[in-house]
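Everything below concerns the one structure shown next.
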Amino acid sequence: MKVTVIGAGTMGNGIAQVFAQGGNEVVLTDIVEPVLEKARDTIANSLERLSKKGLISETPDQVKRRITFTKSIDDGAGSDIYVEAIVEKVELKKDILQKINEMANEDSIIATNTSSISINYLSGFVKHPENFLGMHFFNPPPVMKLIEIVTGVRTSKKAVEKIQEISKDLGKEPVVVKDYPGFVANRVLMPLLREAIVAYEEGVASKEDIDKTVKLGLNHPMGPLELADFVGLDVTYDVMKVLYDEFGDPRYKPPITLRNMVNAGLLGRKTGEGFYKY
Ligand code: CAA
Ligand code: NAD
């Protein structure tokens, strides 16, 4: 299959890698050249790690050869699958979906990796809403097993079954969920991240001790402040805003500290500083 992934940031490069590992020809596109360069390095490092552990049957070079890194989204014309993985902003996603309409085949599947934006709302911008759904990967995509397949009212059973099958072929575990704010994972995760940030604002403990408590006391692989940095504080903030707008529940209200850090450009790992420095 030919697969085009739009957006090569935190998620897009890992998604492209997963599809390439699955034997697909992948076009990975971004509007920012240095992001594409970084994506190339991230994928190379990740493949080396997987290769050393014997988790891939091909050499890293064989997998890498299937990925085209390009600033030109038009290189993705005629793909079987499109995965939109650009920033969590409705207006930008709308533009990209309209661009994909011009390049896609009648039966191409168009998927969005959105963390929180309504699939039904976004389906209004695609020509064939029956072929549109959420294919929600988790960070880092080469490691995390889950894919939330998010269905809109007009998503066809055929498209869902196809993505379920493809997800399994990629070595992932799909779950099918309805278009509800935050779907399942982020609905559950965001109150945890929010509560940790509020505890930090209130001075309950140092950031390190908040993270240590959750890691060692609750056995999470990362502390919540570390995880928010890993996800990206902008993404975390945007997702909380959608959840708060839609549920109106204070459990999702974005903390002011988070807003201030995002406005100041401290976005976590991807900018080198968030709750921690990298
Ligand atoms: N590519 C390949 N392998 C990788 C990798 C990558 N990008 N990142 C980590 N690994 C591998 C390592 O090689 C290592 O393998 P072994 O255990 O076999 O040695 C393993 O993963 C663990 O890696 P590390 O020792 O480097 O670091 P770690 O133990 O801290 O694990 C982690 C890293 C897998 C990211 C782990 O910390 C973790 O699971 N963190 C939580 C991640 C999480 O919750 N993600 C979901 C975020 S929410 C989301 O994605 C949804 C949304 O919409 C916001
Ligand atoms: P990111 O900020 O790391 O990367 C987004 C990339 O999109 C940037 O490199 C940017 O240059 C690019 N971009 C912006 N406009 C573009 C355009 N018009 N054409 C091509 N590229 C464009 O963001 P991310 O964390 O990778 O998030 C991407 C999507 O995945 C979002 O919808 C987010 O909610 C979702 N998501 C994120 C995570 C996470 O942990 N970060 C997990 C699951 C899902």
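For ligands, and for the atoms within them, numbers begin at 1 and follow the listed sequence.
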Query raised in the report: Do ligand 2 and G232 have nitrogen or oxygen atoms that lie under 3.5 Å from each other?
Result: no
Query raised in the report: Does an N or O from S115, backbone or side chain, lie closer than 3.5 Å to an N or O of ligand 1?
Result: yes
Report task. Report yes if N139 has an N/O atom closer than 3.5 Å to an N/O atom of ligand 2; otherwise report no. Result -> yes
Query raised in the report: Could a heavy atom of F137 be found less than 4.0 Å from some atom of ligand 2?
Result: yes
Query - Contact check: V231 vs ligand 2, nitrogen or oxygen atoms, below 3.5 angstrom - result: yes
**Report entry** D30, any N or O under 3.5 Å of ligand 2 N or O
**Finding:** yes
**Report entry** Any non-hydrogen protein atom less than 4.0 Å away from atom 44 (O) of ligand 1
**Finding:** yes
Report task. Please check if the side chain of Y252 supplies one atom and the backbone of D245 the other of a donor-acceptor pair under 3.5 Å. Result -> no
Query raised in the report: Nearest protein heavy atom to atom 31 (C) of ligand 2, by residue and atom, and its distance?
Result: I86 O, 3.2 Å
Query raised in the report: Between D234 and ligand 2, does any nitrogen or oxygen pair lie at a separation below 3.5 Å?
Result: no
Query raised in the report: Is atom 2 (C) of ligand 1 close to the protein, meaning a heavy atom under 4.0 Å from it?
Result: yes
Requested in this report: Under 4.0 Å from a heavy atom of K93: give me the atoms of ligand 2 that qualify, with their elements.
Outcome: 31 (C), 32 (O)
Query raised in the report: So, is the end of the K207 side chain (NZ or CZ) under 6.0 Å from the ring centre of Y276 and within 45° of the ring's axis?
Result: yes
Requested in this report: Flag A8 as yes when one of its N or O atoms lies below 3.5 Å from any N or O atom of ligand 2, and as no otherwise.
Outcome: no
Query raised in the report: Does N113 come within less than 4.0 angstrom of ligand 2, counting non-hydrogen atoms of the residue?
Result: yes
Query - V35 contact mode with ligand 2 (heavy-atom cut-off under 4.0 Å) - result: side chain
**Report entry** Contact check, M11 vs ligand 1, heavy-atom distance below 4.0 Å
**Finding:** no
Report summary line: Note: ligand 1 atoms sitting under 4.0 Å from heavy atoms of N186 are 51 (C), 52 (C), 53 (O), 54 (C)
Report summary line: In terms of heavy-atom contacts, P181 and E246 come closest through CG-OE1, 3.2 Å
